[in-house]
Amino acid sequence: MTIKKPLDMLTGLAILAVSLFLLTVGFALPEQGPDALGPRFFPLLLTGSMTVLSLAVILQSIDFSGKFQKGTAGRSEKNDPVAVKMQWAFVAFLGAYILLLPVLGYSFATFGFCFITMVLLGPKDKKSLCIDALMAAATSAALTYIFGHLLHLFLP
C-alpha cells in the first residue's frame, strides 16, 4: 500500500476532520422542529456527505495494488495550461453565477451555470450541446421543484 497522491490524502484528512467536528455539532441541534425534517436534518445531511466524500478522496489517494512508482503522480496535470485555464474559467463562472442569482433568479441562473459548465467540461459538437441544454434544463427544473416546492425552501 502506497500513498500515490499525498496532497489529496492531506486534503481528504483535513476535510474529514472538519466534517467529523461538524457532525458532532449537528447532533447537538434539537431533533424536532416545526418542520417534519427538523432543524438538524440538512446540517447532518451535508456533513454526512462531506464525511463520505472525504473518505472517498482518501481511498483514491492510496494505491492498493503495489504497482505505483513514486514520483509519477499528477505530473501531466500540474503544468497543463488547458487544465489551468479550465479551472480558472470554472471559478469565474461560479462567481458570475453567485452575482447573477439575485438578478436572474434561481432557475435561470442555475440553468446558465449548469449549461456553461457542461459545455466547458464536455465535448463541443452539436449533439452534445443539445444534450447539455436538456440536462441543464432538467437539472434546474428538478432542483427548483425539490427545494422550492417539496422542501419549501426560499430560492433567490
Side-chain angles (χ1 to χ4, degrees), residues 1-31 33 37-101 106 109-125 128-129 131-147 150-151 153-156:
M1 181 170 81
T2 314
I3 297 175
K4 60 183 177 181
K5 296 182 178 181
L7 189 58
D8 286 356
M9 171 67 83
L10 290 174
T11 304
L13 289 171
I15 294 172
L16 179 64
V18 169
S19 63
L20 290 175
F21 170 74
L22 291 175
L23 273 173
T24 60
V25 172
F27 278 114
L29 294 172
E31 286 186 43
L37 298 176
R40 72 182 198 177
F41 176 75
F42 284 109
L44 290 178
L45 179 68
L46 179 64
T47 54
S49 299
M50 282 175 55
T51 303
V52 170
L53 293 173
S54 66
L55 289 172
V57 169
I58 291 168
L59 290 175
Q60 288 179 349
S61 70
I62 300 171
D63 178 35
F64 294 102
S65 68
K67 297 178 184 176
F68 177 72
Q69 294 179 0
K70 197 168 189 161
T72 60
R75 283 202 178 161
S76 62
E77 294 176 5
K78 281 187 180 178
N79 299 321
D80 184 13
V82 175
V84 171
K85 285 179 186 177
M86 286 179 65
Q87 291 167 353
W88 283 109
F90 181 79
V91 170
F93 290 134
L94 181 62
Y97 171 68
I98 292 169
L99 292 174
L100 290 174
L101 265 173
Y106 180 79
T110 301
F111 169 77
F113 177 72
C114 288
F115 179 70
I116 289 171
T117 304
M118 289 178 191
V119 169
L120 177 70
L121 298 175
K124 312 277 190 283
D125 57 22
S128 294
L129 287 176
I131 292 171
D132 291 344
L134 288 172
M135 288 302 297
T139 301
S140 178
L143 290 173
T144 301
Y145 179 74
I146 290 169
F147 290 105
L150 291 180
L151 298 175
L153 295 175
F154 171 74
L155 299 173

Rounded to the nearest 0.5 Å, how far apart are CD of Gln60 and CG of Leu53?
-> 10.0 Å

ring-ring contact (aromatic ring centres under 6.0 Å, His included) with Phe90: which residues, sequence neighbours excluded?
-> Phe113

Gap between atom OG1 of Thr11 and atom NZ of Lys5 - 0.5 Å precision = 11.5 Å

Distance-minimising heavy-atom pair for Ala109 and Leu101 | CB-CD2, 3.9 Å

For atom CE of Met135, decide whether the heavy atoms of other residues, nucleotides or ligands shown that lie under 6.0 angstrom number more than 12.
-> no

Phe115 to Ala136 - nearest heavy-atom pair and separation = N-CB, 3.6 Å

Using a distance-only test with no angle check, is there a side-chain donor-acceptor pair under 3.5 angstrom linking Asp125 and Ser128?
-> yes

From the options Val57, Ile3, Leu59, select the one residue that forms a side-chain contact (heavy atoms from CB on, under 4.5 Å) with Met9.
-> Ile3

Check whether any side-chain heavy atom of Val119 lies under 4.5 Å from a side-chain heavy atom of Leu129, and answer yes or no.
-> yes

Taking side chain to side chain contact (heavy atoms under 4.5 Å, CB included) as the test, write out the residues that go with Val18, two or more places apart.
-> Leu22, Met50

Does any pair with a residue in residues 50-59 pass side chain to side chain donor-acceptor pair (under 3.5 Å), and if so which ones, sequence neighbours excluded?
-> Ser19-Thr51

Those residues that, when tested against Thr110, pass side chain to side chain donor-acceptor pair (under 3.5 Å) (two or more places apart) = Tyr97

Under 4.5 Å between any side-chain heavy atoms of Leu44 and Phe42, yes or no?
-> no

Measure the spacing between NZ of Lys4 and CD1 of Ile62 and express it to the nearest 0.5 Å.
-> 9.5 Å

For Thr144, what residues pass the side chain to side chain contact (heavy atoms under 4.5 Å, CB included) criterion, not counting sequence neighbours?
-> Tyr106, Ser107, Ser140, Leu155

Identify, with sequence neighbours excluded, every residue that meets ring-ring contact (aromatic ring centres under 6.0 Å, His included) alongside Tyr145.
-> His149

If you measure from CG on Leu23 to CG on Leu46, what distance do you get to the nearest 0.5 Å?
-> 9.5 Å

